[in-house]
Amino acid sequence: MAEQHAPEFRYTAALAAEIEARWQDRWDAEHTFEAPNPAGPLADVERLAGRPKLFLLDMFPYPSGAGLHVGHPLGYIGTDVFGRFRRMKGYNVLHSIGYDAFGLPAEQYAIETGTHPRVRTEQNIATMRGQLRRLGLAHDQRRSISTADESYYKWTQWIFSQIFNSWYDSEQQRARPIAELIEAFRSGNCSLADGRTWSALSRVEQREVVDAHRLAYIAEAPVNWCPGLGTVLANEEVTSEGRSDRGNYPVFRRSMRQWMLRITAYADRLIDDLDTLDWPDSIKMMQRNWIGRSEGAQIEFPSPAGPIAVFTTRPDTLFGATFMVLAPEHPLVDALTADEWPDDTFPLRTGGHATPAAAVSAYRTQANAKTEIARQVDDRDKTGVFVGTFASNPATATPIPVFVADYVLMGYGTGAIMAVPGQDERDWEFAERYDLPIVRTVQPPDDWDGKAFIGEGTAINSGFLDGLGVDDAKDRIIEWLETNGHGHGAIRYRLRDWLFSRQRYWGEPFPIVYDETGMPIALPDSMLPVTLPDLDDFRPRTLDPNDGDSEPELPLGRVDWWTSVELDLGEGPKRYQRELNVMPQWAGSCWYELRYLDPTNENRFVDPAVERYWMGPQRPGDSGGVDLYVGGVEHAVLHLLYSRFWHKVLFDLGHVSSSEPYHRLFNQGYILEAAFKDEREVYVDAASVRQEPDGTFTAYGLPVTREFGKMGKSLKNAVAPDEIYAEYGADTLRLYEMAMGPFDVSRPWSTRDIVGMYRFLQRLWRNLVDEETGALRVVDTPTDPETHRHLHRTIAGVTADYEALHFNTAIAKIIELNNHLTKLAAADGVLPREVAEPLVLMLAPLTPHVAEELWARLGHPSTLTYERFPEADPALLVDAEIELPVQLSGKVRAHIRVAADADDATIEKAALAAVASHLTTATVKRVIVVPNRLVNVVV
RNA sequence: GCCCGAGUGGCGUAACUGGCAAACGCGGUGGUCUCAAAAUCCAUUGCCUCACGGCGUGCGGGUUCGAAUCCCGCCUCGGGCACCA
């Protein structure tokens, strides 16, 4: 390389590497980035005094063995720059990083490599620590955690026990300890739904009643069974194509007994409290949509098999309900199925079967055969069969036929609908197909040529509702339903309870055992953690990904010595069976930010005083929480919803003072990289692609197409940071990643462009250090006024940019100043200290190693981490004389120089003089003077 | 289909609440230095035109003294949701 003849003291990759290693060692040795707590083992009250706090958080990584690529650390660098800036602004900054070590990715990586997940995970964490250290991130290493450490998951289990041992009081709108519910039952303050008295119940019956109220409960429920992964998945982990988020295997809808967490109890608060958060609107919107609150009414339709309950958001259209539809799985279907077809039943409605029972049975078989995906996406034809029975419309007292159809889903509402073809497009389609009556109950506009009218309008054909608008009609009908006992106003959510158990090995064991009654018992805190047993055969049984009827197998069930245990839970030593499921991927990440605060506490998951200091509300009405949380959008509804839920339970039970975990959320963009597909639509290794003279791309002589995607293994386009370190050093990489574009926007990686940032650092270094001798070129001479003003403008701009996370424009301003100084240094041979020192300090958050080195060469013995960030002198931000453009009807024709404080009349006179030559024929209609901006002469 | 977000030079991008479009970087061109090359430094670089000048922020309209920025109608790309009653 050309570097071999470079001057000895030039800022080269080799020098950068030496500087970087030296400063990283020194920061470690001096514990530079350790943030003091107000209490506990990490306390240092003196260092805390008088400093505002900043709790900075990155979405922590799972320790993959594939190693980092340059796309990974973008967010970490951004938070590091911000944290370093705020330290220099006097803040006590908590910034660390841990590892999300349990769960599918770690386990699957272990399976691929044939190494035990614990061994694999620990190796990977060590590797990642090393890779991240090379970037010079200012993390407090004492606070780093791994979710798979016993000392950590002990508290994950403890929090689960807290959730298990609580119930949701819907009157007070908060979770309360389960003991308070038991006491309320015992004292008679709370009566049982069926009217029995508490003391009349057997112990088992009492436990059943209590268990039905817990926030963590076991239920037979429709679940997403993924045989390809050998486990069930939460709704949030299933893609809209009906496949697993991880691994992209088919997912089957099945009924199974599983652990559930009652997140639905928090639906309203999870929606309402979004208003207290400083989050991107798009993420708030996604959470609101996911929770999917709908307001409407529950209405009961009398039928021979008893009342059929439906949920509707349009109770105002009740008079137009001309038939009903039940999901094939609806429990009332069998009872409603008639023995024979009523007279005059259309052949179309019977599906060609001799009896309703045969028709329903055939239809169910057909519906079952379709996977959930087919029911939702592929086949939107409205099919169904008549069950041979009529229900009654409570408003009109008219008999209406009951159908079974798979366009009604058991999983939403009551699994049954009142069909109002006049005001619902799906019902219209169904009514047309099966020749059912259509009654409009909302007057469409005159020019309406559509079918179902779902818009706003006046009620018609609706008895006492006629003439009312939609909203008034809704209020009126709900009143009527409630008065006449046909139903009531109701709210429904799309959100389901969180399916919380997984049939895997590599996860947190539940702190639960079962006694001889088969009912779950939470282990006392003193018995935590329940350690995950070491298992040689940790692999899930391989199942056919396409066989939805297969049964899950529990890896923990293979450990005979572990599955059954003798314990004294207050009744003397007895045998108990352990829970064999493990917790899902998301459990550990639901509370990790809290553990950073107090990582070594053995008595509590976090000391309340420490939590209050870092996360407590800053003012009345504030939710509190992490000050800035940076991560990708992909966790918009998974992690971010689960985490809020757990945090709110902890808040309700008085364990934390903040009602939300993350006060401000920022989604950094991704680093995109060109990816190439061949004609079979298969990705080819980007390194093998060449660009042809005509601009097209080929790989091994065959044409390929280019697209831009998130950098990573799946697109075969990852760039390793090590290559960049070797060529330019870590500071240049940091600078380049921050300079490429706005922090929240995704942008394509371009190795070619990095050299620009490298040249800038070299130029800056050369301005301060003689490349041949290594001598300092900085002297204590006064700065010329122009440079001095330029410096202060830069300080003001850079400060504002850092504060707003606009790192790219901060860099542009620093480069601009340095370009000016390059001219100065070329002319004078030296640079004034008065400008050199602030320049180095401003650069320090971005490129801390080279900044530390220059700071030391400038004669400062200690780290610049806690130096005050330069302050701009407001007096220097305004020039005495300014240049203003003069427009003639909006086009710039001249420039004038005027005193900054000149009045409008003076400016106007100067402007008219400047454009006089253009004004020979025209007359001036108006002159607009915009202070400090421009002058527009209108002709 | 519905709901968000975004379209600016050859490329990445900048322009605070409407006020000189293109700061900063890459790339290109010419020069300096050198036996030569690299590095460095200097100049230049939106498009059309020899020039005067004109045209330029996805497209078409509008508001305004003035629009990348505001309004209306489209187009394209990215993301989310998707038979949710």
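By convention in this document, chain letters (A, B, ...) are assigned in the order of the sequence lines, proteins followed by strands, and residues within each chain are numbered from 1. No experiment lies behind these values; they were computed from the predicted model shown. Side chains included, hydrogens not; waters and symmetry mates left out as well; all remaining heavy atoms used.
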Do we get A:K382 above A:Y407's six-membered ring, with its NZ or CZ under 6.0 Å from the centre and within 45° of the axis?
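Output yes; distance and angle both within limits.
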
Classify the nucleic acid contact of [X] as base, sugar-phosphate or nothing, counting any heavy atom under 4.0 Å across all strands shown.
X      : result
A:R492 : nothing
A:N808 : sugar-phosphate
A:I928 : base
A:V892 : sugar-phosphate
A:T313 : sugar-phosphate
A:E425 : nothing
A:D281 : nothing

Respond yes when some side-chain nitrogen or oxygen of A:R752 is under 4.0 Å from OP1 or OP2 of B:G25, and no when none is.
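Looking at the OP1 and OP2 atoms of B:G25, neither is under 4.0 Å from any side-chain N or O of A:R752.
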
Have a look at A:L912 and tell me which of A:I896, A:I907, A:V935, A:V927 forms a side chain to side chain contact (heavy atoms under 4.5 Å, CB included) with it.
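That would be A:V927; it is the only one of A:I896, A:I907, A:V935, A:V927 passing the side chain to side chain contact (heavy atoms under 4.5 Å, CB included) with A:L912.
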
Could a donor-acceptor pair under 3.5 angstrom be found where the side chain of A:N936 meets the base of B:C65?
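Yes, the side chain and the base share a sub-3.5 Å donor-acceptor pair.
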
Regarding B:C24, can its base be found pairing with the side chain of A:K813 as donor and acceptor, where the two atoms are less than 3.5 Å apart?
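Flag unset: no donor-acceptor pair detected.
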
Look at the rings of A:Y758 and A:Y728 and say which category their plane angle falls in: under 30° parallel, 30 to 60° tilted, over 60° perpendicular.
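Rings of A:Y758 and A:Y728: perpendicular, as their planes differ by over 60°.
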
For A:F323 and A:Y434, I'd like to know if the aromatic rings sit close, meaning centre-to-centre distance below 6.0 Å.
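Ring centres of A:Y434 and A:F323 not closer than 6.0 Å.
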
